[in-house]
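First comes the structure, then the notes that go with it.
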Amino acid sequence: MKIVFATNNQHKLSEIRQILGGRVEVLSLNDIGCNVDIPETGSTLEENALQKAQYVYDHYHIDCFADDTSLEVDALNGAPGVYSARYAGDGHDSEANMTKLLNELGENNNRSARFRTVIALIQQGEVHEFEGIVNGQIIRERRGGEGFGYDPIFQPDGYDQTFAELGLDIKNQISHRARATRKFAEYLLKK
């Protein structure tokens, strides 16, 4: 089975391919010749994921899926939320995003947060959604060199290391994206 992942993010593409373990051939936007920066103008993860998948399905007539992920921090009323990738500006700058988040949290002792991923699948014109959530804490300084995004400052519940310290093998078993992808994969493999 072949399916397109509507992303230009190589980290996400590698992560999802590893999680699916070769059971499904995952094509990138580049693989189908799509070089458009697909807009994400929704106000929710569900809207953004569906918007990206719908664009690919409408223009390329191929089964596809897209995801959107947010980091939601309790003490910041759910921010950065849907703006997680662009929290410190349009540059998708992970370092700047983490710096802004840590500065805004300051000395606040409520460090509770969650990562949430929504995957929207369009298969033969039908839309399906899958969600994954992992709860944890925002630590006070960056730790670890693996992963991407907010991984160096997010410590999942039940672990004493950040996603960036745990490494991709463990992260890809317990992460929000892994949980959403497992539901997605179970659905695909049943078909």
Inset, instruction - Check the surroundings of atom CG in Asp58: do more than 12 heavy atoms from other residues, nucleotides or ligands lie under 6.0 Å from it? - result: yes

Legend entry - Tyr150 side-chain N/O to Ser84 backbone N/O, donor-acceptor pair under 3.5 Å: yes

Inset, instruction - Show your reasoning for whether side-chain hydrogen bond (donor to acceptor under 3.5 Å, both in side chains) applies to Ser94 and Asn97. - result: CA-CA 5 Å; Ser94 295; Asn97 289 338; 5.2 Å; no

Inset, instruction - Drop me the distance from Leu50's CG to Leu45's CG, to the nearest 0.5 angstrom. - result: 12.5 Å

Inset, instruction - Give the cluster check for Tyr83 versus Leu71: same hydrophobic cluster or not, with ILVMFWY residues linked at side-chain heavy-atom distances below 4.5 Å. - result: no

Legend entry - Criterion side-chain contact (heavy atoms from CB on, under 4.5 Å) against Asp63, the qualifying member of Gln123, Met1, Glu126: Gln123

Legend entry - Side chain Asn48, main chain Gly42, donor-acceptor under 3.5 Å: yes

Inset, instruction - Evaluate the side-chain proximity of Met98 to Pro152: yes if any heavy-atom separation is below 4.5 Å, no if none is. - result: yes

Legend entry - Sole residue of Gln161, Gln137, Arg111, Arg143 in side chain to side chain donor-acceptor pair (under 3.5 Å) with Gln155: Arg143

Legend entry - Separation of Arg140 CZ from Ile153 CD1 (nearest 0.5 Å): 12.0 Å

Legend entry - Distance, nearest 0.5 Å, that separates CG of Asp67 from CZ of Arg177: 5.0 Å

Legend entry - Closest contact, heavy atoms only, Gln124 versus Tyr57: C-OH, 3.5 Å

Inset, instruction - Find out if a path of hydrophobic residues (ILVMFWY) with successive side-chain heavy-atom gaps under 4.5 Å connects Leu13 to Val24. - result: yes

Legend entry - Donor-acceptor under 3.5 Å (Glu186 side chain, Lys183 main chain): no

Inset, instruction - Report the distance from atom OG of Ser28 to atom CZ of Arg17, rounding to the nearest 0.5 Å. - result: 6.0 Å

Inset, instruction - Compute both the distance and the angle, then confirm whether Lys12 meets the cation-pi test with Phe65: under 6.0 Å from the six-membered ring centre, within 45 degrees of the axis. - result: no

Legend entry - Common cluster, Val26/Leu168, ILVMFWY with side-chain heavy-atom separation under 4.5 Å: no

Inset, instruction - If the plane angle is over 60° it's perpendicular, under 30° parallel, otherwise tilted; pick one for Phe130 and Tyr187. - result: tilted

Legend entry - salt_bridge(Arg116, Glu46) N-O dist < 4.0 Å: yes

Inset, instruction - Drop me the distance from Leu105's CG to Leu76's CG, to the nearest 0.5 angstrom. - result: 4.5 Å

Legend entry - Heavy-atom side-chain proximity of Arg179 to Glu131 below 4.5 angstrom: no

Inset, instruction - Ignoring hydrogens and angles, tell me if any N or O in the side chain of Arg142 forms a donor-acceptor pair with the backbone of Glu95 under 3.5 Å. - result: yes

Legend entry - Side-chain touch Val4/Tyr60, heavy atoms, less than 4.5 angstrom: no

Inset, instruction - Answer yes or no: is there a side-chain heavy-atom contact under 4.5 Å between Val118 and Thr44? - result: no

Legend entry - Ile16 with Leu27, same ILVMFWY side-chain cluster at under 4.5 Å: no

Legend entry - Same apolar cluster (I L V M F W Y, side chains within < 4.5 Å links), Ile170/Phe154: yes

Inset, instruction - Measure from the side-chain N and O atoms of Thr7 to the backbone N and O of Asn9, and report whether any donor-acceptor pair falls under 3.5 Å. - result: yes

Legend entry - Asn103, CG atom: more than 12 neighbouring heavy atoms under 6.0 Å: yes

